[in-house]
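Each chain gets a letter, A, B and so on, in the order the sequences are listed, and its residues count up from 1.
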2 protein chains.
Amino acid sequence: MRISDIVTKYIMQALDESNGNAEIQRNELATVIGCVPSQINYVLTSRFTPEQGYIVESRRGGGGYIKITRIKMDKNLVCAHIINSIGEELDNSTCKIMLQNMIDRKTISYNAAKLILSAVSDKAYACVPIELRDYLRAAIFKNMLLTYMNASFY
Amino acid sequence: MRISDIVTKYIMQALDESNGNAEIQRNELATVIGCVPSQINYVLTSRFTPEQGYIVESRRGGGGYIKITRIKMDKNLVCAHIINSIGEELDNSTCKIMLQNMIDRKTISYNAAKLILSAVSDKAYACVPIELRDYLRAAIFKNMLLTYMNASFY
DNA sequence: TCCAATTTGACTTTGATTGACTTTCATTTT
DNA sequence: AAAATGAAAGTCAATCAAAGTCAAATTGGA
């Protein structure tokens, strides 16, 4: 069994035991497992990405930590579906349509949709080369939807 | 729990109990908490800065004191002030501090802050050259705050 | 064999803690 | 009034305690 599989198993288990909300110490976990600390980073970036339904937050310095949250998919299949349907790129008008769709289905409030829209608008992307904008928009939109799903907004 | 977190909790509580106007004695508080006096200074300079909405005044010598005041502003003023304080660039940790500050002052809900944070996180900016990210973040953050101001959320 | 995924560790960055030393102010003494 | 004393708070650099980054080396599977 690969080291990365072992690390993954540990984190999964911690998530199961904490109702999808685990907090670990990188160095401690590395010691327990017997691997190099950066291995934890590798696993987190390769297998606990937003695309895979996880949110990872951390803090450095004394008393630092890494928090891993598993997104709950139950009530938000619509979001999940939309996220899955987004590829690498996303243009602004498709984005609008998706949000309108969510509003129609009562998956999101008008105001929250507005807020999201203001983050994916070309107005805010002036400093970004045009050919990058749709990639950026896709990434931001996915990231926001994931957060939104996980936060049980109304 | 970190010592600095304990100190922060104490001061926050003192502020809540005094309607945003607390007065402490550095050495006394340090003794109560069981830390070195300069720890209080560390906490004050790292978490109770004007940027974060606090004014700290003090006096040395016999009968000295430290006074901490939480600045009160209405939501739009807080937003406007933050928007004005942002220049062309904005790094992620400053962004976090600003949002935390808004949460502390009840200017924004935890979930709305999370949503905004997910749009200004480097995680979503992978496709953008590093040297552009802080410009982009500034633009998006401002845009979102403006939307937020006009929306009377939550 | 070749390529992508994995593994490793040296180095960087961030944040927290401490204590020795300095400055400021009020009170007491001369 | 001036000087001495003591009681605060302030400063700063050293040290410790995490997590992050990156690229070289290795491995394993198609």
Does a side-chain N-to-carboxylate-O contact under 4.0 Å join [X] and [Y]?
X	Y	result
A:Arg137	A:Asp122	yes
A:Lys9	A:Asp16	no
B:Arg70	B:Asp104	no
B:Arg47	B:Asp5	yes

Rounded to the Å, how far apart are [X] [atom1] and [N] [atom2]?
X	N	atom1	atom2	value
B:Ile68	D:dA9	CD1	C1'	13 Å
A:Ile6	C:dT8	CD1	P	10 Å
A:Ile3	D:dT26	CD1	P	15 Å
B:Met1	D:dA18	CE	C1'	18 Å
A:Glu23	D:dA18	CD	C1'	13 Å
B:Lys67	D:dA9	NZ	P	14 Å
A:Leu44	C:dT6	CG	P	13 Å
B:Asp122	D:dT21	CG	C1'	13 Å

A:Gly64 near the nucleic acid: base, sugar-phosphate alone, or nothing, with a heavy-atom cut-off under 4.0 Å? sugar-phosphate
If you find the nucleotide of DNA chain D closest to A:Gln25 and the one closest to B:Ile24, which residue's nucleotide is nearer the 5' end?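 It is B:Ile24 whose nearest nucleotide is closer to the 5' end.
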5' precedence on DNA chain D between B:Gly61 and B:Ile130 (nearest-nucleotide basis):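 Result of the comparison: B:Gly61.
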Phosphate OP1/OP2 of [N]: any [X] side-chain N/O under 4.0 Å:
X	N	answer
A:Ser46	C:dA5	no
A:Arg47	C:dT6	yes
B:Arg60	C:dT22	no
B:Arg2	C:dA16	yes

Under 6.0 Å from the CD atom of B:Glu57, do we count more than 12 heavy atoms belonging to anything else shown? yes
Donor on one side chain, acceptor on other, A:Gln52 and A:Thr49, under 3.5 Å: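 Distance-only check passes for A:Gln52 and A:Thr49.
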Result for 5'-nearest mapping on DNA chain C, choosing between B:Asp5 and A:Ser4, is A:Ser4
Using heavy atoms and a sub-4.0 Å distance, could you list which residues of residues 26-43 of chain B are near DNA chain D? By number, please. B:Arg26, B:Asn27, B:Ser38, B:Asn41
Checking the side chain of B:Asn92 only, and the main-chain atoms of B:Val120 only, is there a donor and an acceptor separated by less than 3.5 Å?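 Flag set: sc B:Asn92 to bb B:Val120 pair under 3.5 Å.
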